[in-house]
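Taking it in order: structure first as structure tokens, then the write-up.
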Amino acid sequence: MKTTSILRSEKVSVEFAGFKAVNEVNFHLAACQLHFLIGPNGAGKTTFLDVLCGKVKAKRGKVWYKENVELTKKKEHQIADLGISRKFQAPSIFPKLTVYENLELAIQPRKGVWSSLFEKTNKDLQEKIQHHLQLIELQSRAEQMAGALSHGEKQWLEIGMMLVQEPNVLLLDEPVAGMTDVETEKTGKLLKEITKKQSVIVVEHDMEFVRTFSEKVTVMHQGALLMEGTMQEVQEDERVAEVYLGQRAS
Amino acid sequence: MKQGLGTINRESQFKWIVYMLILGMMLLAPLFLSDFRLMLLAKYVSFAIVAIGLALIWGYTGILSLGHGVFFGLGAYGMAMYLKLEASGGKLPDFMVWSGQNELPWFWMPFSSFFLTLLLIVIVPMGIAYGLGFLTFRNRIQGVQFTILTQALVLIVVTLLIGQQAFTGGSNGITGFKTILGYSLSDPTVKRVLYWITIGVLALLFALAYWMTKSRFKRVLLAIRDGENRLRFIGYNPAVFKAFIFAVSAGFAGIAGALFVLHVGIISPSMMGIVPSIEMVLWVAIGGRNSLSGAVLGALLINYAKTTFSEAYPSLWLFLLGGLFVISVILLPRGFMGLMKDGMQKIKKRRKREDANENNIDFTFGESKR
């Protein structure tokens, strides 16, 4: 199955003081796919996302973006510029700026010192911000300090900050952790909406959420890829059951 | 949203009126003060310029520098070198002769030109700050580690200045100035003009900093303070911003140092060492580091208090300063200005409530029409 991949890793390995957190992972993300990454704690899911977005440097291996740009030597902000956007587990927004200002910082096409000093946000961008406010359902809170939002709203704002940059790839780490059922449902729909145009990798522990919204699931275990398929296939796989059950038993 | 803008406008109008009043008072001050008091006031004003820069990097960006004495000193030494050369009238400065030096060192040469001196006063501190800042911030050295680094910088520069007596005047520093551009520095009129220039520079730099804090640039600074990592992942390079604002604040300190020398007539390593560097931060902490006007106010009031108290009870001043600092850290983390803002907010809230109760009309509607 060789569909065009937007992101592809080639034998990526990460070591922390001799411990192999990620071990020769070959992974590929197809365009416009909602791709879930699951696995027991310590499987290396988050570390793998860290490699993709440049936070952690791979010891070996390569990451190809659109098959022609190699990412492992690039810095975080360069990777972000290329259109790969990362969201961390804990919501991280700028609490002392308003919801609108948070999005405004993210949306700027030029992010240097001079443009920040001299350029005003033009009409086009302002409209785009409004559009995204609607998408993440925070229009009514646009002028509020982001620090005053609820946990779920912060998560959405952060997803909104990624979306306004119109990235090609979104990397999300447990976006629904700590959300109510209603919020989780809303987030799932938002992700579905996003994958009409963009590709998304989600690291998730909430199996119910994965079952409802996944298109493709990759299971990681002890730093390596265990299997890949639909959620149906994954659930029926014996190795996966063993990994999860084995961990539960111990 | 309209209502919000309306009140902001009225508030900022009020703010500008207060600023203008203070500016007017300061411009008129020479008419009421003796030469000595005027010199002191001018000194405080130059300190206030340092404070603006410190508020920018500390309050807005979250970078604590305990090394701004160095940048202050670089500006001060630059101006002192120019004044010394002018006072020596083409001969070698006296302290060089005493140290057995027989020709002018190369780095003194540019300071025979007033124009070059003005340039170097700004460029040298900014350049050093940008270089140091960029290297450290790029390598993600931040927080306390950066602060310690700035202290180390102070130690290095002070040691260098004291050690190289033949070039720098050693621990005595540089003094014995006579004229600036041919005008006698002891002439009361010249002193007044210099004072007014200092006020003008303060106003100008305050306006520059104020303008910065109204642009998106400020929001990037706040974002660096509150979530540098997030900022990196939305495509900004925080190291460049931090190095830039560090350089700007160093430039402010350099200009302040140069003005300081014009009024005080001497610069020595002890005026830019560890203790003065820390004191600068205290002015800003007590005045309110999140506010430019707070920083200015802090610098003016603390230094005024310092003079007054040390005249009356020389040994008590340091205790008082320490006490003020402790109080502001524990009770007023946003300084005096933070306290003022909270108070204003309370009054406003109460007034709103009363208005709404008495007139029983839709408050937002009435407000938005204004």
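Just so it is clear, the model here is predicted, and its values are computed rather than measured. All chains are named by letter (A, B, ...) in the order of the sequence lines, taking the proteins before the strands, and each is independently numbered beginning at 1.
- Looking only at heavy-atom pairs under 4.5 Å with chain B, the residue among Lys75(A), Lys120(A), Arg86(A) that has the most is Arg86(A).
- Ring geometry for Phe118(A) versus Trp211(B): interplanar angle of 30 to 60°, hence tilted.
- Of the listed residues (Lys87(A), Gln108(A), Glu158(A), Lys55(A)), the one with the most heavy-atom contacts under 4.5 Å to chain B is Gln108(A).
- Phe246(B) has its ring centre less than 6.0 Å from the ring centre of Phe146(B).
- When Arg225(B), Arg232(B), Arg219(B) are compared by the number of non-hydrogen pairs under 4.5 Å with chain A, Arg219(B) comes out ahead.
- Comparing Ile84(A), Asp81(A), Leu97(A) by heavy-atom pairs within less than 4.5 Å of chain B, the highest count is held by Leu97(A).
- Phe244(B) touches chain A through its side chain: at least one heavy atom from C-beta onward sits under 4.5 Å away, while N, CA, C and O do not.
- Ile245(B) does not touch chain A: none of its heavy atoms, backbone or side chain, sits under 4.5 Å away.
- Taking the ring centroids of Phe252(B) and His68(B), they lie at or beyond the 6.0 Å cut-off.
- If you take OG1 on Thr213(B) and CG on Leu221(B), they are separated by 9.5 Å, rounding to the nearest 0.5 Å.
- When Gly54(A), Ala106(A), Ala142(A) are compared by the number of non-hydrogen pairs under 4.5 Å with chain B, Ala106(A) comes out ahead.
- Using a 4.0 Å cut-off between charged side-chain N and carboxylate O, Glu10(A) and Lys62(A) make no salt bridge.
- Panel note: side chain Ser9(A), backbone Phe27(A); a donor-acceptor pair is recorded below 3.5 Å.
- Options Met212(B), Arg140(B), Lys214(B) differ in how many heavy-atom pairs under 4.5 Å they form with chain A, and the most are formed by Arg140(B).
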